[in-house]
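Chain naming here is simple, since letters A, B, ... match the order of the sequence lines and numbering starts at 1 in each.
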Amino acid sequence: MMQFKFIDSVVNFLNNEFPEASVPAGWTIVPEKCPEGMEGDLTVNCFRFAKLFRLAPDKMANKVAGFLNTHADVLNVEIIKAFVNVVMKPEALHHGSICDVSELLNSAKLPDTSRRRILVEYSAPNTNKPQHLGHVRNNTLGMSLAMLLKRVGHDVIQINLVNDRGIHICKSMIAYQRFGNGITPESSGIKGDHLVGKFYVEFNNALKTEIASLKQAHPELADKPEEELFLETELGQATQKMLLDWEAGAPEVKALWRTMNSWVFAGFEETYRRMGIQFDRTYLESDTYLLGKDIVAAGLQKGVFKKRDDGAIFIHLDKMGDKVVLRSDGTSVYITQDIGTTLKKYDDYRPDSQIWVVGDEQVLHFKMLFEIVGKLGYAWADSLFHLAYGMVNLPSGKMKSREGTVVDADDLFDEMVGLASEACKERYGEEVSVDEISRRAEAIGMGALKFMLLKFNPRTTMTFDPQASVKFEGDTGPYVQYACARINSIERKALERGLDFSSGKVKWGLLQSAEEKNVAITAFFYPQTLQLAAERMDCSVLVEYLLELSKAFNRFYRECPVLNAETDDLKAARMALCMAVREILADGLNTLTIGVPEAM
RNA sequence: GCCCCGGUAGCUCAGAGGAUAGAGCAUCUGACUUCUAAUCAGGUGGUCACAGGUUCAAUUCCUGUCCGGGGUACCA
């Protein structure tokens, strides 16, 4: 990690002054950004480490300030309580931060000994309907987390586990058989996953009608919930039979299943491509759904699991009570499959850690899963992690497919990109090719959406306001992209004017204004921000940072002309600052899987 | 009932022991002959749900209460 020389000096100084103090190995001072309105660039917060040296915080502050007063890199020092506010010489400030930007970017990488192989599983869609806003949050969190972990040096493997079989899949198949009339994505021009989703809806409508007439014919059933009446209906029975036929390998059922799933996969492929998702491995539940059974059988032998009188196999998990892992009829439950796939993924990749990006309604499920894996004797059970994220609600409340309030993923992409496209045309409609406009609109629209979803802490249950979310102003992805676009524009203008800054040494010490220093100070925190975000598995940390750096840049942009600066040396130095900022912003946006348009 | 998560500005959200609690939106006022105004500068707006406790220091940690959400299946 990059560090200012004066910080190292203080640490050395303290170690020499207090040889008897037992400071942890590798201990150092982490400087903080001096709050706005205070005289200072950086702050050494002595509250945090005074105790290490058995000194009162204010005495420590005095000691540190006394030392720093004589330091060659320091211009001025002010003590407030136990905060030591340091004004640095601009030269030293820039050399400790933004001057060598590739070194700065590189220093975000963890040392080899801290790098891990990590499996990130996310998305996990069902093949009976298209993806919606909830999936988009999941996908965005998953892919960005994967990129973030990679960015700091981990070996990351992105995994999807597709739910491609089961009773819910049979529902759309039954509906297709009955109402489909041989329609296909090609014949209808409807995207495959949407077409299959239509039949899932039709199934539920038909089922609702049948249940209504069932209740009418049998008033005693009036109070029964619909799920309990499923197998009383003709449709329900047909669906159940189809599931059994599927499991028995009935050729005509399998053929239809393959056909319809292929439509859905083609549709998903398009959705994923648009989001920029590439999985390293896709597991299909149709291949893995039987996996856990052997393990349960073996666990029963070992006494980890027990058999109940009715034949069901369960495990006793102390505080969480009993959990059935195999039904009395011998079939798997959800957790059985997850035990199986967890072990399978472990065997396939030997990871140091596995992460599941799954909604927070499943926290208990994963707690149980991890405990079961541990009880089965796998020491790596404590390296398993459920990244539980909150649901996406609408201002009107929850999204409900039954009430048609679900925000479809593809529609949402189109809307965001469409609005971005309009904004682009407004600005550059005449001068820029249609092709370029659509490229920009794609980066801006998709970027705005992803950025918005990542801005929230993953665990918060967020409200998605279509009106507000569709804007490209304020704390948004386009705000960050715009800062990059401004820098690109400066670079283009420099070329037009025949200015060449590539040769000659940059005189960083010329950048002395508050705005210039603030950019450099903010830049300094980039590597540790990446590492913190990775450690917390929380991209919102990075999002906040990118906004802050963009804000610092935009202020600089307003106050400090680059190409119109007073001297050539100052022009060159400011240009170098711009280039460095662009590299950081682009690196950050990239990590969030957001593109950077050339201009906007 | 029990378990988990949350309650911070009109709205959406940051802050997780430290300085005067922040940002965006909304609203009001200014700034485009200048390297892009998708920008910038400023105003208005707060009992950090409530009550105790720990601490030199609590919005942050602990306990309790209230309110909201989720979970508590031989569903996934």
Side-chain angles (χ1 to χ4, degrees), chain A residues 32 34-38 43 45-48 56-58 80-83 85 124 126 163 166-168 227 285 308 310-314 319-321 323-338 358-365 367 388 390-391 393 395 398 420 423-424 426-428 444 448 452 455-457 459-465 467-469 471-483 485-494 496-497 540-541 543-544 547-548 550-551 553-555 557-565 571 574-575 578 599-600:
Chain A
E32 298 166 15
C34 192
E36 234 165 301
M38 299 248 176
T43 297
N45 183 346
C46 298
F47 282 111
R48 294 202 184 282
D58 55 330
I80 299 175
K81 297 190 196 179
F83 297 102
N85 294 335
N126 296 329
N163 256 280
I167 194 84
H168 51 302
E227 303 86 72
E285 202 190 294
R308 239 163 35 189
D310 59 7
I313 296 175
F314 73 101
K319 320 125 236 167
M320 291 180 278
K323 176 68 191 170
V324 168
V325 293
L326 216 52
R327 293 191 187 101
S328 46
D329 67 2
T331 57
S332 299
V333 291
Y334 176 42
I335 205 159
T336 322
Q337 298 175 40
D338 259 6
V358 177
D360 63 6
E361 74 246 311
Q362 293 194 35
V363 285
L364 183 61
H365 172 261
K367 268 178 87 169
M391 297 289 102
N393 293 333
K398 292 183 153 197
C424 286
E426 234 169 71
R427 280 154 236 250
Y428 293 102
I444 295 165
M452 186 272 300
K455 198 169 166 313
F456 300 90
N457 181 316
R459 76 163 158 273
T460 107
T461 303
M462 55 169 284
T463 304
F464 175 84
D465 183 346
Q467 305 288 318
S469 304
K471 290 189 172 154
F472 302 137
E473 281 144 33
D475 280 356
T476 62
Y479 179 86
V480 181
Q481 292 171 325
Y482 186 64
R486 278 181 148 177
I487 297 170
N488 289 340
S489 173
I490 294 174
E491 194 183 32
R492 274 195 306 273
K493 285 272 162 33
E496 280 170 27
R497 297 185 192 179
S540 71
V541 173
V543 164
E544 290 294 333
L547 287 170
E548 196 186 333
S550 303
K551 210 165 288 184
F553 172 77
N554 277 328
R555 282 190 200 137
Y557 181 90
R558 191 69 176 180
E559 294 302 318
C560 308
V562 178
L563 302 179
N564 301 322
K571 283 178 198 173
R574 285 182 175 165
M575 195 68 194
C578 288
M600 36 192 306

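Comparing A:Thr43 and A:Ile167 against RNA chain B, the residue whose closest nucleotide sits nearer the 5' end is A:Thr43. Of the two residues near RNA chain B, A:Asp329 and A:Phe456, the one whose nearest nucleotide lies more 5' is A:Phe456.
Between B:A26 and A:Lys471, a contact under 4.0 Å exists linking OP1 or OP2 to a side-chain N or O. OP1 or OP2 of B:C5 has not a single side-chain nitrogen or oxygen of A:Thr461 nearer than 4.0 Å. In terms of phosphate contacts, A:Asn554 brings a side-chain nitrogen or oxygen within less than 4.0 Å of OP1 or OP2 of B:C40. The phosphate of B:G70 (OP1 or OP2) has a side-chain N or O of A:Lys398 nearer than 4.0 angstrom. Residue A:Tyr479 has a polar side-chain atom (N or O) positioned under 4.0 Å from OP1 or OP2 of B:C40. Within the structure, a side-chain polar atom (N or O) of A:Arg497 is placed less than 4.0 Å from OP1 or OP2 of B:C35. Within the 4.0 Å cut-off from OP1 or OP2 of B:A38, not a single side-chain nitrogen or oxygen of A:Arg486 is found. At the phosphate of B:A38, OP1 or OP2 sits under 4.0 Å from a side-chain N or O atom of A:Arg427. Phosphate proximity of B:A76 to A:Tyr334: absent, as no side-chain N or O sits under 4.0 Å from OP1 or OP2.
Salt-bridge formation is not detected for the pair A:Asp465/A:Lys471: no Lys NZ or Arg NE/NH1/NH2 atom is positioned less than 4.0 Å from an Asp or Glu carboxylate oxygen.
Pairing for B:C40 goes to B:G30, judged as Watson-Crick or G-U wobble with the two contacts each under 3.5 Å. If you check B:A76 for Watson-Crick or wobble pairing at under 3.5 angstrom, you find it has no partner at all. Applying the Watson-Crick and G-U wobble criteria (two distances, each under 3.5 Å), B:U12 pairs with B:A23. Across all strands shown, B:G45 forms no Watson-Crick or G-U wobble pair with both distances under 3.5 Å. B:G6 and B:C67 make up a base pair, with Watson-Crick or G-U wobble contacts both under 3.5 Å.
With both ends at atom C1', the span from B:G22 to B:A14 equals 7 Å, rounded to whole Å. Across the P atoms, B:U63 and B:A9 are found 25 Å apart, a figure rounded to whole Å. When the P atom is compared between B:C62 and B:U72, the two are found 26 Å apart, to the nearest whole Å. If you take atom C1' in B:G1 and the same atom in B:U59, they sit 31 Å apart, rounded to whole Å. Taking the P atom of each, B:C25 and B:C66 are spaced 39 Å apart, rounded to whole Å. Comparing the same atom, P, in B:G69 and in B:A76 gives a spacing of 27 Å after rounding to whole Å.
Using a 4.0 Å heavy-atom cutoff across all strands shown, A:Ala485 reaches at least one base atom of the nucleic acid. Contact annotation for A:Thr463: backbone-only contact, meaning every heavy-atom pair under 4.0 Å involves sugar-phosphate atoms and none involves a base. Among the heavy atoms of the strands lying under 4.0 Å from A:Val333 are primed sugar atoms or P, OP1, OP2 only; no base atom is included. Note on A:Met391: nothing from the nucleic acid sits closer than 4.0 angstrom, heavy atoms only. Among the heavy atoms of the strands lying under 4.0 Å from A:Tyr428 is at least one base atom, whether or not backbone atoms are also near. If you check every strand for non-hydrogen atoms under 4.0 Å, A:Cys34 touches nothing. When heavy atoms are screened at a 4.0 angstrom cut-off, A:Ala599 is found touching base atoms of the nucleic acid.
Per the geometry, CD belonging to A:Glu36 stands 12 Å off C1' belonging to B:A41, to the nearest Å. Between the CG atom of A:Asn488 and the P atom of B:A38 there is a distance of 16 Å, rounded to whole Å. The separation between A:Asn457 atom CG and B:A16 atom C1' is 11 Å, rounded to whole Å. The interatomic distance linking A:Glu548 (CD) with B:G24 (C1') rounds to 14 Å, in whole Å. If you take CG of A:Asn85 and C1' of B:U20, they are 14 Å apart, rounded to a whole angstrom. Distance CZ (A:Arg574) to P (B:C35): 15 Å, rounded to an integer number of Å. Following rounding to the nearest Å, A:Arg555 (CZ) and B:A37 (C1') show an atom-to-atom distance of 17 Å. Counting to the nearest Å, the P atom of B:A38 and the CE atom of A:Met452 are 22 Å from each other.
With hydrogens and angles disregarded, a donor-acceptor distance shorter than 3.5 Å links the side chain of A:Arg327 to the backbone of A:Ser332. The backbone N or O of A:Asn393 sits nowhere less than 3.5 Å from a side-chain atom of A:Thr463 that would complete a donor-acceptor pair. In terms of modelled atom types and a separation under 3.5 Å, the side chain of A:Arg574 and the main chain of A:Pro561 share a donor-acceptor contact.
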>> Could you go through A:Asn554 and A:Tyr482, starting from their C-alpha distance and side-chain angles, then the distance that decides it, and tell me whether this counts as side chain to side chain donor-acceptor pair (under 3.5 Å)?
In response: CA-CA 9 Å; A:Asn554 277 328; A:Tyr482 186 64; over 6 Å; no
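For A:Arg558 and B:A41, a side-chain-to-base donor-acceptor distance below 3.5 Å is absent, hydrogens and geometry of angles not being considered. Interface remark: the A:Thr476 side chain does not form any donor-acceptor pair with the B:A38 base, using a distance-only criterion of under 3.5 Å.
Using cut-offs of 30° and 60° on the angle between ring planes, the pair A:Tyr334 and A:His365 is parallel.
A:Lys455 has its side chain within reach of A:Glu544: a pair of non-hydrogen atoms, C-beta onward, lies under 4.5 Å apart.
Nucleotide B:C62 carries an anti base; the chi torsion (O4'-C1'-N9-C4 or O4'-C1'-N1-C2) is more than 90° from 0.
For A:Thr43 and A:Asn85, the side-chain atoms include at least one donor-acceptor pair closer than 3.5 Å.
Ring stacking is absent between A:Phe47 and B:A57, as the pair misses the limits of under 5.5 Å between centres and under 30 degrees between planes.
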